[in-house]
Amino acid sequence: MFLCLFLFIVYLCGVNLLNNGLAQKPPMGWMSWGYYMCGVDCKRNPHKCLNEELILSVVDSFYDEGYQEAGYEYIIIDDCWSERIRDKNGRLVPDRTRFPRGMKFIADYIHARGLKFGLYTNVADTTCMGYPGSRDHFAIDAKQFAQWEIDYLKVDGCFVSEEYLNIAYIKLGAHLNATGRPILYSCSWPYYIEFIHHKTPDYKSVAEYCNMWRNYHDVATSWEAVKAIITHYQGVYNDINGYHGPGHWNDPDMLIFGTNSLSESQSRVQISVYSMLAAPLLLSCDMKNINDYEKQMLLNLDLIAIGQDDLGIMARPYALGSITLWVKPHLPRKGDRYHSISFALVNLHNKEHAASFTPGHYGMNSTDVYVVMDVFSKVFLKNITVKDVIHIKVPPEDVVMYTLFPL
């Protein structure tokens, strides 16, 4: 019965549902959940209040402080933005106290500054925090989102069966496409299949119907949470790499810069690995709390270029004793043949570790020399050949990152 229904939906909606041309590079921006979560008690906790004032302040920060020019463009409101009940016509209603001028006003404010707007829903009857979900309202909600002119929809998967998940994401995506508005479709489909229903996700289908997808637990504002995410991605590279690329991205969840959760070295690790993974870079914080060093990392255009490279290749991890070597080929090429390659040597441990490696064993294929650039200092260190060995000591909970350009 389920198979027949699934095939009927696929037939009804068309095989290539996600021909929306979006997310050709991993999205960059800001999302409310990681730091603000369900921040509805604005009187008792005004510093964690999810409201219109907060969202407009993020927009202003992006527009005024150089983030937009660096590629950060999406401003995304997560769970808890709506009233507890729909209106008499079955439509979602923004919380009247926290979002008094509604979502179209926010969308217009964002779009007037050349940025993009995102919202959240769930495929169940309620969201994960108990607000109205989209189940049995896919058509009306998709139409409402399009009328509000959103550009990005994050769709959760709480409180439903495995069978329903495999139908719901396809069906909701079809309704979004039917609106005619390009809406980047962010799914949590594989996460719920693997970690709630304990089955193996069908990444072929996920990549066919979603622009990006969560496949591990929510990040928390702690170094331990960041380490767990990075370790997970090291272990599942062979399972997920083949479905990752322009238009379709694995999403390790938000950056926790600006939350006083990471040391400088730990912040280097998170943004370095995310850039090597060609992962979305979505902040979640009070933008006023980003310190000078974090801002320097976020606006490091050499680092961003690695993550935003047109090829969209997900870095491969290699074990070098206690160090993980992440290797990512990318543009520019020499003569359309020899790639530039970035190497990130990551130490997740609380002690210094040494490593040696020969870059020529990891994809360097030009017999001419390569120039080595330190990505953080932006200093060109030396020239090397495919036979040269690099010896390095990586400090505790830190990363050393080089880009090698063929000459």
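Residue indices begin at 1 and follow the sequence shown. Remember, predicted model here, so these are calculated numbers, not experimental data.
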**Student:** Do other residues, nucleotides or ligands put more than 12 heavy atoms under 6.0 Å from the CZ atom of R84?
**Tutor:**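 Count over threshold, so yes.
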**Student:** Using modelled atom types and a 3.5 Å cut-off, is there a donor and acceptor pairing between side-chain atoms of R98 and backbone atoms of L50?
**Tutor:**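 Present.
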**Student:** Is it true that atom CD of E53 has more than 12 heavy atoms of other residues, nucleotides or ligands lying nearer than 6.0 Å?
**Tutor:**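 Counting neighbours around CD of E53, 12 or fewer heavy atoms of other residues, nucleotides or ligands fall under 6.0 Å, so no.
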**Student:** Is the shortest heavy-atom distance from the side chain of Y109 to the side chain of D60 under 4.5 Å?
**Tutor:**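 Counting from C-beta outward, Y109 and D60 do come under 4.5 Å.
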**Student:** May I ask you to check whether over 12 heavy atoms, not counting those of Y63, lie within 6.0 Å of atom OH?
**Tutor:**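 Check fails, neighbour count at 12 or below.
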**Student:** Pairs under 3.5 angstrom only: tabulate donor-acceptor contacts from the side chains of residues 312-328 to other protein residues two or more places apart or in another chain.
**Tutor:**
unit_1 : atom_1 : unit_2 : atom_2 : d
T324   : OG1    : Q234   : OE1    : 3.3
K328   : NZ     : I313   : O      : 2.3

**Student:** Can you check whether F376 reaches S272 side chain to side chain, under 4.5 Å on heavy atoms?
**Tutor:**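 Yes, their side chains come closer than 4.5 Å.
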**Student:** Determine, step by step, whether E52 and R101 satisfy the salt bridge (charged side-chain N to carboxylate O under 4.0 Å, His left out) criterion, reporting the C-alpha distance in whole Å, the side-chain angles of both residues, the deciding distance to 0.1 Å, and the verdict.
**Tutor:** CA-CA 8 Å; E52 178 186 290; R101 288 180 282 189; 2.5 Å; yes
**Student:** Does K393 have more than 12 heavy atoms from other residues, nucleotides or ligands lying within 6.0 Å of its NZ?
**Tutor:**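 No - once you tally the heavy atoms of other residues, nucleotides and ligands closer than 6.0 Å, there are 12 at most.
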**Student:** Give a yes or no answer on whether the side chain of Y35 reaches the backbone of F257 with a donor-acceptor pair at less than 3.5 Å.
**Tutor:**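 No; judged by distance alone, with no hydrogens or angles, the pair does not exist.
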**Student:** Side chains of W189 and D202: closer than 4.5 Å at any heavy-atom pair?
**Tutor:**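 No, side chains not in contact.
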**Student:** If you look at every heavy atom in A142 and T179, which pair is closest and at what distance?
**Tutor:**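 Of all heavy-atom pairs spanning A142 and T179, the closest is O-CG2, 3.5 Å.
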**Student:** Is the number of heavy atoms from other residues, nucleotides or ligands within 6.0 Å of NZ (K387) greater than 12?
**Tutor:**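 Incorrect, the count does not exceed 12.
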**Student:** Quick one: does D41's side chain have a donor or acceptor within less than 3.5 Å of a partner on N45's backbone?
**Tutor:**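 Checked: no pair found.
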**Student:** If I take atom CD1 from residue I256 and atom CD1 from residue I271, how far apart are they, to the nearest 0.5 angstrom?
**Tutor:**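 One finds 12.0 Å between CD1 of I256 and CD1 of I271.
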**Student:** Could you walk me through whether D141 and R86 pass the salt bridge (charged side-chain N to carboxylate O under 4.0 Å, His left out) test, one step at a time?
**Tutor:** CA-CA 11 Å; D141 286 358; R86 293 172 178 266; 2.8 Å; yes
**Student:** Which heavy atom of S284 sits nearest to which heavy atom of T259, and what is that distance?
**Tutor:**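 The answer is O-CG2, 3.6 Å.
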**Student:** Quick check: does any side chain N or O of H248 sit under 3.5 Å from a backbone N or O of A207, one acting as donor and the other as acceptor?
**Tutor:**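 Yes; judged by distance alone, with no hydrogens or angles, the pair exists.
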**Student:** Kindly check if the number of other-residue, nucleotide or ligand heavy atoms within 6.0 Å of NZ (K48) is above 12?
**Tutor:**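 Yes, the 6.0 Å shell around NZ holds more than 12 heavy atoms from other groups.
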**Student:** Could you please spell out the steps behind the side chain to side chain donor-acceptor pair (under 3.5 Å) verdict for D156 and Y120?
**Tutor:** CA-CA 8 Å; D156 226 330; Y120 165 100; 2.9 Å; yes
**Student:** Before you tell me yes or no, could you show the steps for L348 and W223 under side chain to side chain contact (heavy atoms under 4.5 Å, CB included), namely the whole-Å CA-CA distance, both residues' side-chain angles and the distance that decides it to 0.1 Å?
**Tutor:** CA-CA 10 Å; L348 297 179; W223 168 241; 4.0 Å; yes
**Student:** Looking at D336, I'd like to know if its CG atom is crowded, meaning that more than 12 non-hydrogen atoms belonging to other residues, nucleotides or ligands lie closer than 6.0 Å.
**Tutor:**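 Counting other residues, nucleotides and ligands, CG of D336 stays at 12 neighbours or fewer.
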**Student:** I need the minimum non-hydrogen distance between A225 and A220, along with the two atoms involved.
**Tutor:**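 Taking every non-hydrogen atom into account, CB-N, 3.5 Å.
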**Student:** If you round to the nearest 0.5 Å, how far is CD of Q24 from CD of Q308?
**Tutor:**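 Here the rounded value is 11.5 Å.
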**Student:** Under 3.5 Å, side chain of D151 to main-chain N/O of K116, donor-acceptor pair present?
**Tutor:**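 Pair absent, no side-chain N/O of D151 close to backbone of K116.
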**Student:** Could you work out, with side chain to side chain donor-acceptor pair (under 3.5 Å) as the rule, every residue matching Y233, not counting sequence neighbours?
**Tutor:**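 Per chain and number, Y233 pairs via side chain to side chain donor-acceptor pair (under 3.5 Å) with N215.
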**Student:** Tell me if the centroids of the rings in H217 and F195 come within less than 6.0 Å of each other.
**Tutor:**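 So the answer is yes for these two rings.
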**Student:** Decide if the gap between the ring center of W81 and the ring center of W148 is smaller than 6.0 angstrom.
**Tutor:**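 So the answer is yes for these two rings.
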**Student:** Are K334 and L407 close enough that some pair of their side-chain heavy atoms sits under 4.5 Å apart?
**Tutor:**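 Result no, sub-4.5 Å side-chain heavy-atom pair not found.
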**Student:** Just checking, is any N or O donor in the side chain of T121 or S134 under 3.5 Å from an acceptor N or O on the other one?
**Tutor:**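 A pair is found: one side chain offers a donor N or O, the other an acceptor, under 3.5 Å apart.
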**Student:** Can you see which heavy atom on F159 is nearest to which on A124, and at what distance?
**Tutor:**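 Closest approach of F159 to A124: CB-CB, 4.1 Å.
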**Student:** Looking at T358 and G360, would you say the former's side chain and the latter's main chain have a donor-acceptor pair under 3.5 Å?
**Tutor:**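 Between the backbone of G360 and the side chain of T358 there is no qualifying donor-acceptor contact (under 3.5 Å).
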**Student:** Take N250 and L277, measure what side chain to side chain contact (heavy atoms under 4.5 Å, CB included) needs, and give me the verdict at the end.
**Tutor:** CA-CA 8 Å; N250 293 292; L277 290 172; over 6 Å; no
**Student:** Any side-chain heavy atom of L282 sitting closer than 4.5 Å to one from W30?
**Tutor:**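 Side-chain contact under 4.5 Å: no.
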**Student:** Working to the nearest 0.5 angstrom, can you tell me the gap between K295 NZ and M287 CE?
**Tutor:**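 Those atoms lie 8.0 Å apart.
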**Student:** If only atom types and distance count, is the side chain of E294 paired as donor or acceptor with the main-chain N or O of G258 below 3.5 Å?
**Tutor:**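 Judged by distance alone, yes, a pair lies under 3.5 Å.
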**Student:** Does the plane of the ring in W249 sit parallel, tilted or perpendicular to the ring in H244? Use 30° and 60° as the thresholds.
**Tutor:**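 The arrangement is perpendicular - the two ring planes meet at more than 60°.
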**Student:** If you look at every heavy atom in Y36 and C49, which pair is closest and at what distance?
**Tutor:**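 Answer, listing the atom of Y36 first, then C49: CD2-N, 4.0 Å.
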**Student:** Any donor-acceptor pair under 3.5 Å linking the side chain of N347 with the backbone of V394?
**Tutor:**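 Answer holds: yes.
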**Student:** Taking all non-hydrogen atoms of both residues into account, name the closest pair between L184 and P27 and its distance.
**Tutor:**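 Residues L184 and P27, closest heavy atoms: CD1-CG, 3.6 Å.
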**Student:** Not counting sequence neighbours, list each pair that qualifies as a salt bridge (Lys or Arg N to Asp or Glu O under 4.0 Å) and has a residue in residues 255-269.
**Tutor:**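 The answer is R268-D398.
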**Student:** Can a donor-acceptor pair be found, under 3.5 Å and without considering hydrogens, that links the side chain of D79 to the backbone of M129?
**Tutor:**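 Answer holds: yes.
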**Student:** Is there side-chain contact between F117 and E149, with at least one heavy-atom pair below 4.5 Å?
**Tutor:**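 Result no, sub-4.5 Å side-chain heavy-atom pair not found.
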**Student:** Would a 4.5 Å heavy-atom cut-off, applied to side chains only, mark Y72 and Q68 as touching?
**Tutor:**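 Result no, sub-4.5 Å side-chain heavy-atom pair not found.
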**Student:** With ring pair (Phe, Tyr, Trp, His ring centres under 6.0 Å) as the criterion, how do F343 and Y402 come out once you've worked through the C-alpha distance, each side chain's angles and the decisive distance to 0.1 Å?
**Tutor:** CA-CA 5 Å; F343 297 89; Y402 298 137; 8.3 Å; no
**Student:** Before giving the answer on ring pair (Phe, Tyr, Trp, His ring centres under 6.0 Å), spell out for H391 and F357 the whole-Å C-alpha distance, their side-chain angles and the decisive distance to 0.1 Å.
**Tutor:** CA-CA 7 Å; H391 304 279; F357 72 106; 9.3 Å; no
**Student:** Take N20 and N211 through the test side chain to side chain contact (heavy atoms under 4.5 Å, CB included) and record every step on the way to the result.
**Tutor:** CA-CA 9 Å; N20 60 16; N211 289 118; 3.0 Å; yes
**Student:** Is R135 positioned over the aromatic face of F138, cation under 6.0 angstrom from the ring centre and no more than 45 degrees off axis?
**Tutor:**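 Checked: cation-pi criterion not met.
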**Student:** Going through the distances and angles, do S342 and M276 end up as a side chain to side chain contact (heavy atoms under 4.5 Å, CB included)?
**Tutor:** CA-CA 8 Å; S342 288; M276 292 292 284; 3.9 Å; yes
**Student:** Do N122 side-chain atoms and G133 backbone N/O form a donor-acceptor pair below 3.5 Å?
**Tutor:**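 No, because the side chain of N122 does not come within donor-acceptor range (under 3.5 Å) of the backbone of G133.
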**Student:** What do the steps show when you test K378 against D374 for salt bridge (charged side-chain N to carboxylate O under 4.0 Å, His left out), and what is the final call?
**Tutor:** CA-CA 5 Å; K378 304 186 180 183; D374 184 303; over 6 Å; no
**Student:** Mind checking the CG-CG spacing from L298 to L255? Nearest 0.5 Å is all I need.
**Tutor:**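 Here the rounded value is 6.5 Å.
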**Student:** Please tell me if the side chains of V399 and L345 come closer than 4.5 Å, counting only heavy atoms from C-beta onward.
**Tutor:**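 No, too far: nothing below the 4.5 Å cut-off.
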